[in-house]
> 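The following block contains the structure, expressed as structure tokens.
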Amino acid sequence: MESSWVARLLGPLEEQPWLDQVGDWVAARLDPLFGSETGARAKDFLNGRWLGHSLHAVSTDLPVGLWAGSLLLDLVGLARSATVVNMFGCAAAVGSAASGLADWSGTQGRERRLGTLHGILNLAGLGFQVMSIGARLRRRRIRGFTLSLTGYSFTVAAGFMGGELVFGRGQMVNHNAFTAGPQSWTAIADATDVSKGQARAFALDGRKVLIFSDGTGIHALENTCTHAGGPLDEGTVAGGIVTCPWHGSRFRLTDGAVCGGPATQPQLRLEARVKAGKIEVRGRQG
């Protein structure tokens, strides 16, 4: 089967070994920052746990829109206004970069390499915009416009790669978004298979459901982590919270609420009950 033009374009780029070197260098400096208690809270904020989805997806609109507006103002002869708008775009890009780094820290392999290239292009775009501001302040209008247009071109290329990461690779999207059912109560285990404080995964219709007993009742969650699809049953359970073994997202087992990122979406919760000595579950209906 013939590969898509996107794969032919990005494939050779994301396999460059120097991207691993750059990524490892950045990760070595980010990990200690995000590893502290304060850093973990900051990372949760930058991931967008409070927002319910990736903050980076929202924050990128500001610099892209402001820089486009700056170019438009240049074209209609409002050079001073274009400079001010460009400055705001650069300030917004710093915040967008911070949220992007938080999301990037939860990637691996080819997604990490493509994310590294995405970040490098964005950094180049920001650099050209800063140089454009310098030229504008020296009243070199044509040079300022040219630098701004060049920077915007880098930003567009980076945005294309960011779109591939989200829509093509499923980064920072809910991995249980299309999971539904079963429509009727379905037995998946014996009631004695799960003891108090224990979480175990059981097969159901080609997927796995995580069953947790808190001593007073049975709770059921999708076993696939919403962040990147990690198997929660292979993680650790403590205090009624399960930690994903892949990137450390933490979920409350009684209702699937996110207790710690990088996940921003809660785990899909199923109805669960014990009937005739069997654990039965029923999912959302569509």
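In this chain, residues are counted from 1 in sequence order.
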> With under 30° as parallel and over 60° as perpendicular, where do the rings of Phe45 and Trp50 fit, or are they tilted in between?
parallel

> Contact between Asn47 and Leu55 at the side-chain level, heavy atoms closer than 4.5 Å - yes or no?
no

> Not counting sequence neighbours, which residues clear salt bridge (charged side-chain N to carboxylate O under 4.0 Å, His left out) with Asp214? List them please.
none

> Just list the side-chain donor-acceptor pairs under 3.5 Å for residues 272-280, sequence neighbours left out, or say none.
unit_1	atom_1	unit_2	atom_2	d
Arg273	NE	Glu280	OE1	2.8
Arg273	NH2	Glu280	OE1	2.9
Lys278	NZ	Asp190	OD1	2.6

> Are the aromatic ring centres of His247 and His227 under 6.0 angstrom apart?
yes

> For Asn174 and Leu268, what are the C-alpha separation, side-chain angles and deciding distance, and is it a side chain to side chain contact (heavy atoms under 4.5 Å, CB included)?
CA-CA 10 Å; Asn174 185 354; Leu268 183 62; over 6 Å; no

> Answer with yes or no whether the side chains of Gln171 and Thr107 bring together a donor and an acceptor at under 3.5 Å.
no

> Around atom CZ of Arg80, are there more than 12 heavy atoms of other residues, nucleotides or ligands at under 6.0 Å?
no

> Any side-chain heavy atom of Val58 within less than 4.5 Å of one from His53?
yes

> Can I get a per-line list of side-chain donor-acceptor pairs under 3.5 Å for residues 160-167, giving both atom names and the distance, sequence neighbours left out?
unit_1	atom_1	unit_2	atom_2	d
Glu164	OE2	Arg169	NE	3.0

> What verdict does the side-chain hydrogen bond (donor to acceptor under 3.5 Å, both in side chains) test give for Gln198 and Ser195, after you've listed the backbone C-alpha separation in whole Å, the side-chain angles of each residue and the deciding distance to 0.1 Å?
CA-CA 5 Å; Gln198 183 184 31; Ser195 56; 3.1 Å; yes

> Let me see the working for Thr236 and Val242 under side chain to side chain contact (heavy atoms under 4.5 Å, CB included), right down to the final yes or no.
CA-CA 6 Å; Thr236 58; Val242 60; over 6 Å; no

> For a 4.5 angstrom cut-off between non-hydrogen side-chain atoms, does Val64 reach Thr155?
yes

